[in-house]
Trainee: 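Could you have a look at this structure, given as structure tokens, before my questions?
Order of appearance sets the numbers: ligands from 1, and atoms from 1 within every ligand. All heavy atoms count here, side chains included; hydrogens, waters and symmetry mates do not.
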Amino acid sequence: MLADPRIAELVARCGRRAVKTAVLAAQDRVRNGEIPPEEAVPSALASLPPIHEPVINATGVLLHTNLGRAALSPVAIDAITVAAGPTDVEFDLGSGTRARRGRHALAALTEAVPGAEAAHVVNNNAAALALIATALASDKEILISRGELVEIGDGFRLPELLEASGARLREVGTTNRTHVSDYAAAIGDETAFILKVHPSNFRIEGFTAEATIEELAALGPPVVFDIGSGLLRPESALPKEPDAATALSNGADLVTCSGDKLLGGPQAGIILGRAALVDPVRRHPLARAMRTDKVTFAALTATIRGQEQTPTFRHLRVPVSHLHERAHRIAAALPEIRFEVVESSATVGGGGAPGVRIPSVALALPESFATPLRTGNPPVVGRTEHGRLLLDLRTVDDEHDDAVIHALREVDRCT
Ligand SMILES: *Cc1c(COP(=O)(O)O)cnc(C)c1O
């Protein structure tokens with residue numbers, strides 16, 4: 001079996017030991033009569049540990065954290081391939097000397113957000129906040145509203161992350177209402193900065209109040225604004241979502257955000273703002289432990305330069321009429337399957353635009369399709385709602401429609 005060309009090719013990719021284990025297990029299954037001999041090779045192939053399975057995201061959640069958030073744009077994917085080899089990530093080819101690491105990405109960021117004097121990139125937004133707290137506030141106080149003490153996901157909480165840096169949190173205001181006077185009353189010698197956190201995964205409605213960035217900027221201490229989702233400029237489709245350019249022009253001294261949310265790039269934590277604050281942050285010893293990989297820098301640079309072409313923005317802006325056409329084309333290709341084309345609501349997800357519903361179109365199928373589609377080839381992940389499986393087309397690329405048709409046909413044939 002090891003001489004089978006399909007298996008031999010895998011030895012190069014997965015290593016001889018893993019492939020041999022899979023082959024022996026497949027042979028055992030043949031001997032035990034579990035599978036016929038001609039199934040041995042496919043069975044061995046299927047049992048090898050995958051690297052990552054590509055998945056079709058039909059959940060209607062644009063940035064699904066469990067599916068890896070933003071899908072990269074073609075230019076970002078090309079940039080990753082180029083950066084995979086030796087590259088000038090930290091080297092100036094003209095002078096032949098060391099250069100600022102990731103300077104192409106940093107230049108792209110400060111070009112895209114002219115209000116930012118300087119930029120720094122770490123491995124995610126949580127790291128950006130931890131580094132800022134450590135460099136600017138250890139043994140000092142960070143003022144934060146009680147309405148912004150956020151749990152970001154998987155049990156991780158921003159207040160605990162900030163305190164792990166040695167900074168003390170000074171909570172001000174209440175859950176629903178915090179006024180600029182609450183911050184003003186708490187400012188003292190110990191204040192390192194005021195932190196504003198965008199409530200990116202929940203909404204507080206009703207009797208609410210919060211201080212604006214302009215009001216906070218007038219108080220004196222530096223204002224750090226965690227905008228969460230990484231819009232560099234305002235986006236008309238999401239009018240309530242904060243963006244870096246507006247935050248800085250309103251008076252924030254530092255802005256932090258993720259690279260893999262609405263920016264549509266690789267996982268990264270972006271810090272933008274005043275050079276006098278960015279410099280101590282990037283020079284702090286811990287910055288070295290959060291250093292960004294060359295591949296990430298390359299993808300980030302390409303993402304920022306080609307902002308309008310990320311799959312995230314394309315999916316956000318596709319007209320509903322186009323989704324209808326695609327749904328009916330898929331339905332027409334599969335007359336043997338009974339499903340309905342239904343109105344649906346997509347969401348941004350991944351900590352962005354909470355409560356915003358984006359009109360969409362879905363194929364509604366019996367719920368029994370969910371598991372075979374998810375474990376099929378390619379895996380198609382939808383969402384179940386009221387006892388039905390919905391395949392929401394807003395988050396599926398046009399070019400994957402045929403793969404969806406194929407996957408549905410396979411499931412229909414086997415059930
Ligand atoms: C998502 C989010 C974070 C965490 O960002 P990561 O890049 O996942 O570390 C922090 N703050 C806010 C407001 C967020 O939305």
Trainee: Does either side chain, that of Arg383 or that of Ser344, offer a donor lying less than 3.5 Å from an acceptor on the other one?
Mentor: yes
Trainee: Please confirm whether Arg69 comes under 4.0 Å of ligand 1, counting heavy atoms of the residue only.
Mentor: yes
Trainee: Side-chain donor-acceptor pair under 3.5 Å between Asp92 and Thr97, yes or no?
Mentor: no
Trainee: Over all heavy atoms of both residues, which pair between Glu148 and Lys196 is shortest? Give the atoms and the distance, please.
Mentor: OE2-NZ, 2.8 Å
Trainee: Under a 4.0 Å N-O cut-off, is there an ion pair linking Arg274 with Glu117?
Mentor: no
Trainee: Can you pull out the closest protein heavy atom to atom 11 (N) of ligand 1? Residue, atom name and distance to 0.1 Å, please.
Mentor: Asp226 OD2, 2.6 Å
Trainee: Answer side chain, backbone, both or neither: which part of Ile152 comes under 4.0 Å from ligand 1, heavy atoms only.
Mentor: side chain
Trainee: Of the backbone atoms (N, CA, C, O) and the side-chain heavy atoms from C-beta on, which set of Ala126 has a member under 4.0 Å from an atom of ligand 1: side chain, backbone, both, or neither?
Mentor: both
Trainee: Is a salt bridge present between Arg177 and Asp182, judged by a nitrogen-to-oxygen distance below 4.0 Å?
Mentor: no
Trainee: Quick one: does Lys261 get a heavy atom under 4.0 Å from ligand 1?
Mentor: yes
Trainee: Looking only at protein heavy atoms, which one is nearest to atom 15 (O) of ligand 1, and how far off is it?
Mentor: Ser200 OG, 2.4 Å
Trainee: Which residue owns the protein heavy atom closest to atom 7 (O) of ligand 1, what's the atom, and how far is it?
Mentor: Ser258 OG, 2.7 Å
